[in-house]
Every structure is written in C-alpha cells, then in structure tokens.
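So that the names make sense, note that chain A is the first sequence line, chain B the second, and so on, each numbered from 1. Since this is a predicted model, take the numbers as computed values, not measurements.
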Amino acid sequence: MSIALSEQEIIRRESLQQLRALGIDPYPAEEFKVTAQAQDITDNFEAHPDTYKSVTIAGRIMNRRIMGSASFAELQDSTGRIQIYLKRDDICPDEDKTLYNTVFKKLLDIGDYVGVKGYVFLTQTGEISVHVQELTILAKSLKPLPVVKRDEEGNIHDGFTDPESRYRQRYVDLTVNPEFKQIFIKRSKVISAMRNYFNKQGWMEVETPILQPVHGGAAARPFATHHNTLDMPLFLRIANELYLKRLIVAGFDGVYEFGKMFRNEGMDRTHNPEFTAMEIYVAYKDYIWMMEMVENCLEEVTRAVHGIAAVQVGPNEINFAGPYTRLSMYDSILKYTGIDVSAMDEAGLRSTCADLKIEVDASMGKGKLIDEIFSAKVEANLIQPTYITDYPIEMTPLAKKHRTKDGLVERFELFVNGKEIANAYSELNDPIDQRERLEEQLILAGRGDDEAMAMDDDFLRALEYGMPPTSGLGIGIDRLVMLLTNQSTIQEVLFFPQMRPEKKVKVATADDFINIGVPAEWVQVLNKMGFNTVEELKAANPNKVFNDLGGMRKKLKLEITMPVKEVVMGWFE
RNA sequence: GACUUGGUAGCUCAGCCGGUAGAGCAACUGACUCUUAAUCAGUGGGUCGAGGGUUCGAUCCCCUCCCAGGUCACCA
C-alpha cells in the first residue's frame with residue numbers, strides 16, 4: 001500500500017478538478033429523489049410500460065460503450081443493473097454540448113455515482129433501457145474499480161476473485177460481485193425469521209453484558225481487557241448463558257439474545273474470533289420439548305429464506321422439515337463403529353481410542369474421550385438434521401442429570417451436514433449439584449485442561465434463590481447461515497472477517513515534505529518518483545531531481561507551477 | 001502452531017536455462033447515433049510482497065520475514 005497515486009488515480013483527481021472548474025459539484029449535498037430501481041424496471045416494464053414513461057434512477061456507472069454522439073452505459077443500483085442510453089442532443093438540447101462531450105465522455109468514470117432521469121424503452125436488440133434526458137453527478141469515484149466482465153452466457157471473465165482483497169475491501173467485492181450480496185441478504189432473513197418466530201411465541205429479546213468479570217457459560221479462551229475507572233480486569237464474553245439464566249431466575253418465562261461471542265482461539269474456515277450466537281431459555285420446558293421447537297423454528301427459517309424447507313448444500317439436499325432423527329450419543333457410536341462404549345471406564349475408553357487410532361492426551365477425562373471418538377467416527381455421517389442426545393455428564397457441567405440414565409445429562413446437539421449447528425439442555429437448576437459440577441471443572445483445569453469452565457459465584461447465588469425447570473438452546477448463527485447459503489467458509493458469511501492488518505509502506509506525511517520547503521502540490525509527484533521519505537529524497541542527486549521533476553510534470557501533464565531551481569536545491573540543505 | 005500453494009500494471013494472469021518484464025480488460029488520444037465481454041487505430045502505465053545473500057548481472061537460485069489461500073492440529 002503505497003501512498004503514491006497510480007496513473008489512473010491522478011487522472012481521476014484531475015477530472016474532479018475539471019468538474020469543479022465547470023461549476024459542477026462532484027459531491028452535491030442535496031437529496032436526489034429516486035422514483036425507480038433497476039430490478040423493478042426490468043421486471044415490470046414489459047407488463048406495464050405506461051408506468052415507466054418518466055423514471056429517476058441513481059447508481060454507479062459500471063460500464064460504458066461510447067459511440068460518438070450516442071452512448072450506452074450500465075447503471076448499477078442496490079437491486080441490479082440497467083442499461084441507460086444517452087444521446088448528445090437529448091441531454092444537451094442547446095448549442096453547449098459540454099455535458100455530453102466533456103462531462104460524460106471525458107470526466108466520468110466507471111464507479112461514479114450518477115442520477116438519471118428519462119423514459120424506459122426497448123432497444124433494437126430488445127434490452128430494457130432508460131433513455132436519458134437529464135444527467136446528474138452524485139459522487140465522483142477516485143479509485144478505479146476492478147472491471148468484471150460477464151458475457152451472454154453469464155461467464156465471468158476478469159473476476160475480482162482474490163480472497164484477501166475481497167475480504168479486506170468488502171465494499172469493492174460487493175460492488176463488482178453483487179451476487180455475493182445474496183448471502184448477506186439471506187443472513188439477514190435467517191435472523192429476522194428466527195426473531196419473528198420467537199416473538200410470536202411471546203418470548204422476549206434481551207441484551208446481556210459483553211464485558212464480563214467472569215467468562216462463564218462455555219469452555220474457551222477469552223479475550224482479556226481492562227476497565228480503567230474500576231481498575232479491574234474484564235473479559236469479552238465467550239457465552240451469555242449464565243446471564244440469560246439469571247433472567248429466568250428473575251421471572252421471565254422466555255428470553256433470547258442474538259449476540260457476538262468472542263473466543264481467543266484458532267482461525268480457520270469455520271472459526272472467526274468473534275461470531276454470532278443465538279441463545280434462548282424457556283421456563284418450565286425440557287430438552288424433549290426443545291427438539292420439537294427447534295424443528296418448527298428451523299423449518300420456518302428455511303422457508304423464509306428459500307421458500308421451501310429444503311436446501312442444497314454441496315452434493316446434499318438437506319430437508320429441515322421435522323421430525324429429525326434422534327440418536328443417543330452411545331447409540332451413534334455403536335452405529336458407526338460397532339463399539340459399545342456405554343459401560344466403559346476411562347481406561348477402557350483410552351484403549352478404544354488407541355484401537356481406533358484416535359490421538360488423546362493425559363488431561364482428557366471420560367467425557368472428553370467419548371467426544372473424541374464421536375468427533376472422529378460419527379460426526380461426518382450426520383448429513384440430514386440429526387439430534388444426538390444424552391451426553392456423558394463429564395463434558396456438560398451446566399446440564400441437568402438425565403431423568404433415567406445414570407451418568408448422562410439431558411442434552412442434545414443438532415448436527416446437519418456433518419457439523420454441529422445447535423446445542424440444548426434441560427438446564428441444571430439444582431444449585432448444590434451445579435456447585436459440585438463446577439468444582440469438578442476446577443479439578444479438570446488443575447489437570448491442565450485450559451478450557452475447563454470457571455466458577456461463577458454470583459450465578460450460583462442466583463440458582464440458590466431458585467430457577468424454574470428450564471430448557472435452553474444455543475445456535476451458531478454463522479454456521480447456520482453457511483448451511484442455508486451453501487458456503488463452505490465462515491468468511492463468506494461475515495461482512496468483515498478478521499484479518500491481520502495490512503502492511504503499511506513507510507511513507508512520510510505530506511507535511512514532512514512541506515516542512516523542508518516542497519510545495520504541497522509537488523509532494524505527490526515526489527512520491528510518484530519513488531521518494532517516500534525525506535531521507536530518500538535527500539540521498540538523491542539534486543540536479544537529477546530537478547530535471548526529473550520537469551519530466552514528470554510534462555509526462556503527467558500537470559498544470560502546476562514548476563519550482564525554480566534554487567527552491568529545489570533548498571530541499572537538500 | 002505444522003505442512004503446502006501463492007503475492008508481477010487499477011483487475012485477471014503469462015514470464016523458458018539468471019540477462020531489470022508481457023497479454024486481456026481498465027486508462028489515455030482519435031473514429032463511430034441501438035451497443036451490450038461494443039468495435040477500430042494509436043499511446044502510456046511496474047519498488048516483480050519486504051529485507052539480506054550468491055552472481056558481472058536476480059521477478060527467476062538460497063536464507064529470513066510479512067500477507068493470504070488450502071490441508072492438518074487446536075477449537076465441549
């Protein structure tokens with residue numbers, strides 16, 4: 001990233017000055033009243049041509065085909081692209097043809113925002129187009145957009161495809177690859193459909209702290225920060241579960257929150273340091289009830305996004321209409337490995353892992369070992385929505401003990417396309433049991449499990465006042481959106497995925513050059529000549545610099561005053 | 001964190017055995033009043049990711065580093 005401008009950027013800045021010289025404000029302040037949009041026109045013009053005898057549209061120029069005194073251009077607004085047709089003598093009815101010959105043909109560029117008033121018509125080749133009668137510049141673009149070409153078959157020719165550039169400059173990505181906007185539109189629909197579903201049931205959306213003194217509710221490494229006034233450490237939440245349960249204690253029957261969670265762990269195509277989770281808690285329910293709720297909710301969400309309950313994900317068509325298959329964790333391992341682990345002790349599980357060539361380490365307890373077997377042998381097989389139920393107690397410190405099965409808890413996870421999408425419990429509301437379970441986590445932490453859950457005394461105090469039987473659910477929204485939009489990386493469903501900072505080339509500020517006597521308008525020229533710092537400039541031959549400045553001035557057709565030689569020599573003192 | 005692939009013009013990419021770079025699009029100049037990957041003629045545009053090393057000479061070979069992608073590990 002150099003501060004020196006490219007040839008095309010310099011030319012666009014000159015066009016900007018020329019527009020101003022012509023009395024045209026390249027960034028006008030006043031409202032521009034739009035009366036139509038591209039998609040509306042292309043969808044409805046042929047059925048209702050009379051409605052489009054006068055339209056005003058606005059957007060970016062994305063393509064121009066100039067043929068002397070007539071031109072076609074493509075205007076892109078938030079809904080799509082439409083072709084516009086400009087005739088010199090229509091937009092310049094008087095003698096003065098400046099608006100067409102100079103402004104449109106010379107001073108406008110791909111990427112500029114313009115507003116256009118005219119009438120919709122059909123070209124000889126049958127394309128719905130707007131015949132322009134008035135042209136207004138709304139915003140000049142100073143950086144050239146990548147030009148993505150599409151042919152008649154829809155093949156993309158010079159795609160803007162580099163993932164690094166696409167994620168760092170999402171604004172460019174979505175401008176030149178507008179099809180990716182659909183992912184984010186669907187993401188928005190997923191969240192609003194889910195919110196609508198919950199609201200219809202009478203449950204309440206709430207907000208709980210993101211800055212937490214204790215990072216509870218999940219097992220993960222947190223981001224740590226510090227509050228200056230209170231002079232205390234704080235953590236960005238890794239979960240909001242314990243706060244939502246406090247609200248159930250407080251007497252709300254159903255509370256839910258869509259919120260960002262933060263986990264200070266690895267990044268890959270399914271993990272971003274901050275991600276969106278939805279958690280909901282409903283009083284007087286259990287995890288059996290929750291399974292049915294999730295089936296209804298996800299079916300409704302899928303229909304809201306796709307119109308039907310099924311979605312194509314890679315080679316699989318996934319059907320979100322319930323009921324979903326229910327399989328206990330032990331039965332799922334039995335089904336896919338033929339091994340019954342239900343009665344095994346820790347030693348037995350270790351030797352089973354060894355038989356299955358699953359790597360384990362000494363810090364792993366019984367629950368973790370079973371989870372390892374499950375992850376390695378079962379998960380990938382669960383393509384259609386499947387509930388895995390009844391987890392070992394050791395891996396689930398916040399869930400209620402199973403009503404009939406010793407050593408298990410009332411928990412399910414929903415797996416779709418081989419990935420975990422949701423996690424739910426009959427919530428543990430026995431405060432004494434809860435304290436013991438968290439103490440066991442402390443022991444695991446002592447064994448070296450740095451993800452074991454922390455003790456939260458205030459949460460336990462809340463439980464001691466009494467929490468009604470409650471079922472809780474968490475859904476990873478990013479992963480659900482990945483599924484429903486058929487994307488294989490989380491970056492594609494996040495507007496701004498986390499990236500390392502861009503490297504900055506060491507560049508002096510304009511003021512540094514001005515301070516040694518360089519006129520402001522010449523600083524860019526020096527940058528262009530490769531002098532990014534004052535030191536680099538001073539190391540050069542003064543006479544050569546003076547000559548080269550003249551050369552650059554001529555080459556770039558700069559209409560700025562050449563500094564006299566004595567001034568240039570002064571830079572080197 | 002490990003392995004691996006890549007980083008060359010505004011964008012997408014070539015670049016042979018080491019001799020300081022090419023194409024298409026975009027840009028610029030000109031022609032053109034129904035084009036649509038517009039066309040035609042011409043012209044410019046590069047710190048070859050950064051820094052070292054080897055060499056008479058490095059985009060190319062070697063080393064270190066930076067950034068990104070992929071795979072794996074980690075991530076109840």
Rounded to whole angstroms, how far apart are [atom1] on [X] and [atom2] on [N]?
{"X": "A:Met62", "N": "B:rA38", "atom1": "CE", "atom2": "C1'", "result": "17 Å"}
{"X": "A:Glu492", "N": "B:rG69", "atom1": "CD", "atom2": "P", "result": "10 Å"}
{"X": "A:Glu74", "N": "B:rC25", "atom1": "CD", "atom2": "P", "result": "17 Å"}
{"X": "A:Glu379", "N": "B:rA76", "atom1": "CD", "atom2": "C1'", "result": "11 Å"}
{"X": "A:Met453", "N": "B:rA76", "atom1": "CE", "atom2": "P", "result": "9 Å"}
{"X": "A:Glu440", "N": "B:rA76", "atom1": "CD", "atom2": "P", "result": "18 Å"}
{"X": "A:Gln169", "N": "B:rC67", "atom1": "CD", "atom2": "P", "result": "17 Å"}
{"X": "A:Leu108", "N": "B:rA26", "atom1": "CG", "atom2": "C1'", "result": "16 Å"}

Give me the distance, rounded to whole Å, that separates [N] from [M] when you measure between the [atom1] atoms they each carry.
{"N": "B:rC56", "M": "B:rU12", "atom1": "P", "result": "38 Å"}
{"N": "B:rU5", "M": "B:rC74", "atom1": "P", "result": "24 Å"}
{"N": "B:rG19", "M": "B:rC48", "atom1": "P", "result": "16 Å"}
{"N": "B:rU59", "M": "B:rG52", "atom1": "P", "result": "13 Å"}
{"N": "B:rC66", "M": "B:rA26", "atom1": "P", "result": "39 Å"}
{"N": "B:rG10", "M": "B:rG1", "atom1": "P", "result": "32 Å"}
{"N": "B:rC13", "M": "B:rU4", "atom1": "P", "result": "23 Å"}
{"N": "B:rU43", "M": "B:rU47", "atom1": "P", "result": "22 Å"}

Counting only Watson-Crick pairs (N1-N3 plus N6-O4 or O6-N4) and G-U wobbles (N1-O2, O6-N3), all under 3.5 Å, who is the partner of [N]?
{"N": "B:rA58", "result": "none"}
{"N": "B:rC34", "result": "none"}
{"N": "B:rG10", "result": "B:rC25"}
{"N": "B:rC65", "result": "B:rG49"}
{"N": "B:rG70", "result": "B:rC3"}

NA contact type, [X], heavy-atom cut-off 4.0 Å: base, sugar-phosphate, or nothing?
{"X": "A:Arg12", "value": "nothing"}
{"X": "A:Arg65", "value": "base"}
{"X": "A:Ser15", "value": "nothing"}
{"X": "A:Glu372", "value": "nothing"}
{"X": "A:Tyr425", "value": "base"}

Base orientation of B:rC65, syn vs anti, 90° cut from 0: anti
Contact list (N/O, under 3.5 angstrom) for nucleotides 32-34 of chain B vs protein:
| unit_1 | atom_1 | unit_2 | atom_2 | d |
| --- | --- | --- | --- | --- |
| B:rC32 | N3 | A:Ile66 | O | 3.2 |
| B:rC32 | N3 | A:Gly68 | N | 3.1 |
| B:rC32 | N4 | A:Gly68 | N | 3.3 |
| B:rC34 | O2' | A:Gln124 | OE1 | 2.3 |
| B:rC34 | O2 | A:Gln124 | N | 2.7 |

Just to confirm, is there a sub-4.0 Å distance from OP1 or OP2 of B:rC74 to any side-chain nitrogen or oxygen of A:Lys368? no
On the nucleotide B:rA38, are OP1 or OP2 found under 4.0 Å from the side-chain N or O atoms that A:Asn63 carries? yes
Strictly by modelled atom types, are [X] and [Y] linked by a side-chain donor-acceptor pair under 3.5 Å?
{"X": "A:Ser15", "Y": "A:Gln18", "value": "no"}
{"X": "A:Glu279", "Y": "A:Tyr281", "value": "yes"}
{"X": "A:Gln76", "Y": "A:Arg60", "value": "no"}
{"X": "A:Tyr287", "Y": "A:Glu427", "value": "no"}
{"X": "A:Asn101", "Y": "A:Lys106", "value": "no"}
{"X": "A:Arg269", "Y": "A:Ser488", "value": "no"}

Strictly under 3.5 Å: I want the nitrogen or oxygen pairs between protein and nucleotides 9-13 of chain B, one per line.
| unit_1 | atom_1 | unit_2 | atom_2 | d |
| --- | --- | --- | --- | --- |
| B:rG10 | N7 | A:Gln8 | NE2 | 3.4 |

Within 45° of the six-membered ring axis of A:Tyr391 and under 6.0 Å from that ring's centre, is NZ or CZ of A:Arg411 located there? yes
A:Arg263 NZ/CZ over A:Phe223 ring centroid, <6.0 Å and within 45° of normal: no
Between A:Asp158 (side chain) and A:Lys149 (backbone), is there a donor-acceptor pair under 3.5 Å? no
Within the distance-only criterion (no hydrogens, no angle test), does the side chain of A:Asn240 pair as donor or acceptor with the backbone N or O of A:Tyr243 below 3.5 angstrom? no
Could you tell me whether A:Asp433 and A:Arg437 have a side-chain N and a carboxylate O separated by less than 4.0 Å? yes
Note: for A:Lys149 and A:Arg64 on RNA chain B, the residue whose nearest nucleotide lies more 5' is A:Arg64
Whichever of A:Arg263 and A:Arg150 has the more 5' nearest nucleotide on RNA chain B, that residue is A:Arg150
I want to verify a distance call: between [options], whose nearest atom is closest to the [X] side chain?
{"X": "A:Asn423", "options": "B:rU35, B:rA76, B:rA27", "result": "B:rA76"}
{"X": "A:Asp268", "options": "B:rC74, B:rA27, B:rC67", "result": "B:rC74"}
{"X": "A:Arg269", "options": "B:rA76, B:rC28, B:rC72", "result": "B:rC72"}

What I'd like to find out is whether the side chain of A:Gln491 reaches to under 4.5 Å of the side chain of A:Asn272, using heavy atoms alone. no
Specify the residues of residues 410-421 of chain A, ordered by number, for which at least one heavy atom lies under 4.0 angstrom from an atom of RNA chain B. A:Arg411
Should the ring pair A:Tyr85 and A:Phe72 be called parallel, tilted or perpendicular, given that the plane angle runs from 0 to 90° and is split at 30 and 60? tilted
Side chain to side chain donor-acceptor pair (under 3.5 Å) evaluation trace for A:Arg64 with A:Ser71: CA-CA 7 Å; A:Arg64 289 191 302 169; A:Ser71 297; over 6 Å; no
Do other residues, nucleotides or ligands put more than 12 heavy atoms under 6.0 Å from A:Lys140 NZ? yes
